[in-house]
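Written below as structure tokens is the structure these notes are about.
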Amino acid sequence: MKKYIRMIVGALLVLTFIVGCDDSFLDEKVLDAYAPATLKDKLGFEAAAIGLYNHFSTFLTTTDDQTILGMFQLGTDIVWNPMGRSNGLARPYHDYATLTSTDGASIRLWRYLYRLISNANILIKNAESGSIAGMTQQEIDAYNGEARFFRAYAYNMLATLYGGVPLVTEPVTQAKTDFVRASLSDVNNLIIQDLTFAVDHLPDIDQAKEARVNKSAARQLLAEVYLRTNQPSKAETLCTEIIESGNFSLIKQRYGDVSNPGDPFSDMFRVGKQRRTQGNKEVIWILEQENPTDVPNGSTGYPQQRRIWGAGYHDEPGMQPCDSLGGRGLTRMRLNNWVLYGLYPPGDMRNSRFSIHRQHYFNNTQSKFDNIRGKAVPYGKDTLFVLANNDTIKIFALDTVYKLAPYTLKWGHFDPRDVFGYGMWKDFVLMRLGETYLLRAEARFYQSNFSGAADDINELRIRANAPIVSASDITLDFILDERARELLAEENRRMTLVRTGTLVERARRLNGTTPLANGNIETTNGLQDFHTLLPIPQTEIDLNKDAVLEQNPGY
């Protein structure tokens, strides 16, 4: 021990001597600078690209506030908030009267998107700085395409939800406090330029690494942008290129492990079946997730989607979290009555028990209600009655608001090692061919090609065993209804409704089914036309001291 003490003392004496004799020890070394790192080789480019994916995933896998993801669904036309179940940053999105310029969710989204833009700008700048030793121009352009895809993704969300925003196309090298909002037209032009470059230089899906963006993902995002900017013919062309590429097909047969009951549609959302390499030929872009227990750093957070979407059935006596019930949920959002009772035609596969859970089963072996264990509990009753010994027996009142409410199984997940279910470990299907058909149907509708739009929608309805439709059935409302049937709990519903200019009308008409004591309907309370756009974060306005960063009207 004395030997090690002498070594430490000696080291300290040497350090003291160096400090006393060399003033350079006091020289400031900037360890956190605005200046971006220079990428000198392929390894550096690959690390920068992986950094983009890493940051991109953080919003989807956030654990800081379970309800942050609710801002994309609450206050739209498909879900409502059971009183007290959704809280935190999502509150203003089911009570619009409380949505102000200091909204915490808007601040987090804004900063997340501009961080994604900043990271993308560094990679773009390096890719366009000249030749890189050991890299071909094709390789450099592919990395540039990835970066431009993410920059366009961020700006498309900003343009849709905020309108015109500051354009930042170069790495920021010094403090800047004079940002101004660019016109929406200028923002859209940059998005289109970036995605056009990405389409030209990204690899096809079979040449891209799994979970990396590819030509078809760029085409799909660009098609959405063209729809938002009133260029439907261009959107239709891009969707047709994806559909006719031969790289994708709708899942119409069960695949992979079919030992458990199910159907082709629900198979796409089961763990072990979501990736292209696992047989899912419908998926265009996926975010892979691994349980950190099995793969260290397998996720950038502890995803909360199951807890947000799934019912809190485990709070009902006699119920325990299990795989067949989709794991442990908290009902931060609840499917509304329009979705549950008015959206799906009879026999629609997308409404099967494998996609939307409507019947619960008592599974607690310690339950005092032994005579009902394993029996189905019908949804929609105020009180539970079960048949025992040919008698009708009243057991207890049901809570169908959040405990035994129906819920989507797209985010269902259960790990017996973690019954509490802190995280949800399954992949995120970000883009798939089913949506491509819906985007093309929308593009054809805008061009008055109603029969063509019906053909596209029927591709999905035939797969779902739903009645086919005709040209006379096609309206924008019908297309949005079909998107809900097909993409429920997958799509960012707020983005879709804002993009199509239908948020306020549809939210008022189809949501808000539970009046509060004061007569207000919480899910759409205070909803006004100006709420279509989110508020520019007040903190960003206040920090921007050398120029005016204008607020959106109404805030």
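These numbers come from a predicted model, not from an experiment.
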Working to the nearest 0.5 Å, report the span between [atom1] of [X] and [atom2] of [Y].
| X | Y | atom1 | atom2 | result |
| --- | --- | --- | --- | --- |
| Asn525 | Thr98 | CG | OG1 | 8.0 Å |
| Gln66 | Ile308 | CD | CD1 | 7.0 Å |
| Glu46 | Leu39 | CD | CG | 11.5 Å |
| Leu113 | Tyr162 | CG | OH | 7.0 Å |

Check the pair Arg108, Thr62 against side chain to side chain donor-acceptor pair (under 3.5 Å), reporting the backbone distance first and the verdict last. CA-CA 11 Å; Arg108 284 191 59 180; Thr62 179; 3.0 Å; yes

With sequence neighbours excluded, what pairs up with Arg353 under the side chain to side chain contact (heavy atoms under 4.5 Å, CB included) test? Pro261

Taking it one step at a time, do Trp285 and Phe428 satisfy ring pair (Phe, Tyr, Trp, His ring centres under 6.0 Å)? CA-CA 9 Å; Trp285 183 31; Phe428 292 63; over 10 Å; no

Is a side-chain donor or acceptor of Asn511 paired with a backbone partner of Thr76 at a separation under 3.5 angstrom?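 Checked: pair present.
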
Using modelled atom types only, decide if a donor and an acceptor are shared between the side chain of Tyr255 and the backbone of Lys273 within a distance under 3.5 Å.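 Yes; judged by distance alone, with no hydrogens or angles, the pair exists.
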
Heavy-atom side-chain contact between Phe354 and Phe265 under 4.5 Å: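 Side chain of Phe354 against side chain of Phe265, heavy atoms only: no contact under 4.5 Å found.
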
With sequence neighbours excluded, what pairs up with Lys403 under the salt bridge (charged side-chain N to carboxylate O under 4.0 Å, His left out) test?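 With sequence neighbours excluded, Lys403 shows a salt bridge (charged side-chain N to carboxylate O under 4.0 Å, His left out) to no residue whatsoever.
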
Looking at Tyr402, I'd like to know if the NZ or CZ of Arg334 sits under 6.0 Å from its six-membered ring centre while staying within 45 degrees of the ring's axis. no

Within 45 degrees of the axis of the six-membered ring of Phe248 and under 6.0 Å from its centre: does Arg276 put its NZ or CZ there?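 Output yes; distance and angle both within limits.
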
Parallel, tilted or perpendicular for Phe150 and Phe56, by the 30°/60° rule?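 Answer is tilted, since the angle falls between 30° and 60°.
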
Electrostatic pair Arg432-Glu435, nearest N-O below 4.0 angstrom: no

Should the pair Glu282-Arg463 be classified as a salt bridge under the 4.0 Å nitrogen-to-oxygen rule? yes

